[in-house]
There are 2 protein chains.
Amino acid sequence: MKLSEGTEWAIHCCSLLANLPPDFALPKSRLAEFFDLPEDYLAKFLQELSRAGLVKTSRGPGGGYQLAKPAGQINVLEIVQAVEGDQHFFQCTEIRRCGPSGVADKHYKKPCGIARTMHRAEAAWRAELAAVSLNEISQMGAEESPQEQIEKSLSWFESVM
Amino acid sequence: MKLSEGTEWAIHCCSLLANLPPDFALPKSRLAEFFDLPEDYLAKFLQELSRAGLVKTSRGPGGGYQLAKPAGQINVLEIVQAVEGDQHFFQCTEIRRCGPSGVADKHYKKPCGIARTMHRAEAAWRAELAAVSLNEISQMGAEESPQEQIEKSLSWFESVM
DNA sequence: ATAAAACGGACATATCATATCCGAATATAA
DNA sequence: TTATATTCGGATATGATATGTCCGTTTTAT
Ligand code: SF4
Ligand code: SF4
């Protein structure tokens, strides 16, 4: 029961993209370099962000990834769902219908209390993530990063653009 | 990103145990039979419930599993954690420290905004589960089960005790 | 035309979930 | 004391998913 690493990577990448000047695209090679991640594997998640409509891509020289919307209009839940899919954590296998006490399917009108409890908890999780925008994430990142890191990021950025 | 089936099994088993007369123990063979589950695999999760102190066990003839505490004093989160462990969903791999902008470890004083956001969401999930007692689960089960199922359960129970 | 870049499918490997089996420890009852 | 019923834990097998690499195709700027 663990979120994939891709989720962390995707949020970090989106946060970085949020700090880029408008109309500037960063290719996967640069993103991978910045975080020291395997380029081809990272690309999988970037493509999922693209499919989800969170980033837009441009091919060819000078191309790469940019946010598809202002960072204030993207929330963390969207990023997580793009990478993880929208499966529920709790997938009921309807074991109440099995064994010596099970009866015909038509008698089970709605999810039982167990399923409702688990789903309510998931909804609370999603709500917390949906309440945080990418903008907030990138601002927290900017405010809390050590000064030296910000300087190194800027000089890295100068060297690639 | 999916909870194991064992979680559902464990909650169902606890709910069933909550309906047993005091001082009556149900062996794993009966529990597995009731839900039509693989006996040896189910036993793994029952043992985890035992290690977590949620059920008590007695060996030898007439032995089996019973709740270790009144159902009102057990909550769903405890059961889930017993089975799933207490790992966080989101496990930060500290990628901010890597790549061309990373600086020495000592500069990172606290989890970043991403990690805090993810952990807050997990806390909300846990809180929802902790708010529901096993007693409520088993009552919902009793109230919502089809009449025919309750009768079949009772007659099954007569046959095994 | 050439080069840079995303895209998508095929593949390999590692980790974890699922499942079975068995011997050891423990308790009851005859 | 012996036979039986039960939990416990380790070993092992299998399948699914996460992780990671590779390469050919498509798109686009120059
Ligand atoms: S709906 Fe509820 S009772 Fe039925 S299998 Fe799912 S969790 Fe169990
Ligand atoms: S603490 Fe935050 S910035 Fe650092 S790796 Fe974890 S999620 Fe990323």
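Reckoned from all heavy atoms, side chains included, excluding hydrogens, waters and symmetry mates. Labels below follow one simple rule: chain letters A, B, ... track the order of the sequence lines, proteins then strands, and each chain is numbered from 1.
- Distance, B/D40 CG to D/dA11 P: 17 Å, rounded to whole Å.
- Rounded to an integer number of Å, the gap from CZ of B/F45 to P of C/dA19 is 8 Å.
- A/F34 is listed as a side-chain neighbour of A/S153, based on a closest heavy-atom distance under 4.5 Å.
- What you find for A/S58 and A/A25 is that their closest heavy atoms are OG-CB, 4.0 Å.
- Of the side-chain N and O atoms in B/Y41, none sit less than 4.0 angstrom from OP1 or OP2 of C/dT20.
- Side-chain contact annotation: B/T93 with A/E5, donor-acceptor N/O pair under 3.5 Å absent.
- Regarding A/E39, its CD atom lies at a distance of 11 Å from the P atom of D/dT21, rounded to whole Å.
- When the C1' atom of D/dT27 is taken as reference, atom CD of A/Q47 falls 14 Å away, rounded to whole Å.
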Practice prompt. Output, in order, the C-alpha distance, side-chain angles, deciding distance and verdict of side-chain contact (heavy atoms from CB on, under 4.5 Å) for A/L17 and A/L26.
Written response: CA-CA 8 Å; A/L17 292 179; A/L26 208 55; 4.0 Å; yes
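- At a threshold of 4.5 Å between non-hydrogen side-chain atoms, the residues B/C92 and A/E8 count as touching.
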Hey, can you pull the donor-acceptor pairs under 3.5 Å for the side chains in residues 113-142 of chain B, sequence neighbours left out?
unit_1, atom_1, unit_2, atom_2, d
B/R116, NH1, A/E144, OE1, 3.0
B/R116, NH1, A/E144, OE2, 3.4
B/R116, NH1, B/P111, O, 2.9
B/R116, NH2, A/E144, OE2, 2.8
B/T117, OG1, B/G113, O, 2.8
B/H119, ND1, B/A115, O, 3.3
B/H119, NE2, B/H88, ND1, 3.2
B/E122, OE1, B/F89, N, 3.1
B/E122, OE1, B/R126, NH2, 3.0
B/E122, OE2, B/F89, N, 2.9
B/E122, OE2, B/F90, N, 2.8
B/R126, NH1, B/Q81, OE1, 3.1
B/S133, OG, B/N135, N, 3.3
B/S133, OG, B/E136, N, 3.2
B/S133, OG, B/E136, OE2, 3.4
B/E136, OE2, B/S133, N, 3.1
B/S138, OG, B/N135, O, 3.4

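- Every residue two or more places apart in sequence or in another chain that forms a ring-ring contact (aromatic ring centres under 6.0 Å, His included) with A/F24 is listed here: A/F157.
- With axes fitted over five pairs at each extremity, the angle between the ends of the helix from C/dA1-D/dT30 to C/dA30-D/dT1 is 10° (10° resolution).
- Donor-acceptor pairing under 3.5 Å, judged by distance alone, is absent between the side chain of A/K44 and the base of C/dG8.
- When the side-chain nitrogen and oxygen atoms of B/Y65 are compared with OP1 and OP2 of D/dC8, one or more of them lie within a distance under 4.0 Å.
- Looking at every heavy atom in both residues, B/L49 comes nearest to B/A82 through CD2-CB, 4.0 Å.
- In this entry the distance linking CD of B/E48 with P of D/dG9 reads 10 Å, nearest Å.
- When each of B/L42 and B/Q87 is assigned the nucleotide of DNA chain C bearing its nearest heavy atom, the one mapping closer to the 5' terminus is B/Q87.
- Between the CE atom of B/M1 and the P atom of C/dC16 there is a distance of 15 Å, rounded to whole Å.
- Near DNA chain D, meaning a heavy atom under 4.0 Å from it, residues 50-64 of chain A has A/R59, A/G60, A/P61 in order of number.
- With sequence neighbours left out, the side-chain contact (heavy atoms from CB on, under 4.5 Å) criterion links A/Q91 to A/Q87, B/K2.
- One interatomic measurement links the two molecules: CD of B/E5 to P of C/dC16, which rounds to 18 Å at whole-angstrom precision.
- In this structure, the side chains of A/L3 and A/E84 come closer than 4.5 Å at one or more pairs of heavy atoms.
- Contact detail for B/A68 and B/G53: the closest heavy-atom pair is CB-O, 3.4 Å.
- Within residues 13-30 of chain A, the residues that have a heavy atom under 4.0 Å from DNA chain C are, in order of number, A/P27, A/K28.
- When rounded to the nearest whole Å, the span between CG of A/D36 and P of D/dG20 equals 12 Å.
- Counting only heavy atoms from C-beta outward, the side chains of A/H12 and A/L31 never approach each other to under 4.5 Å.
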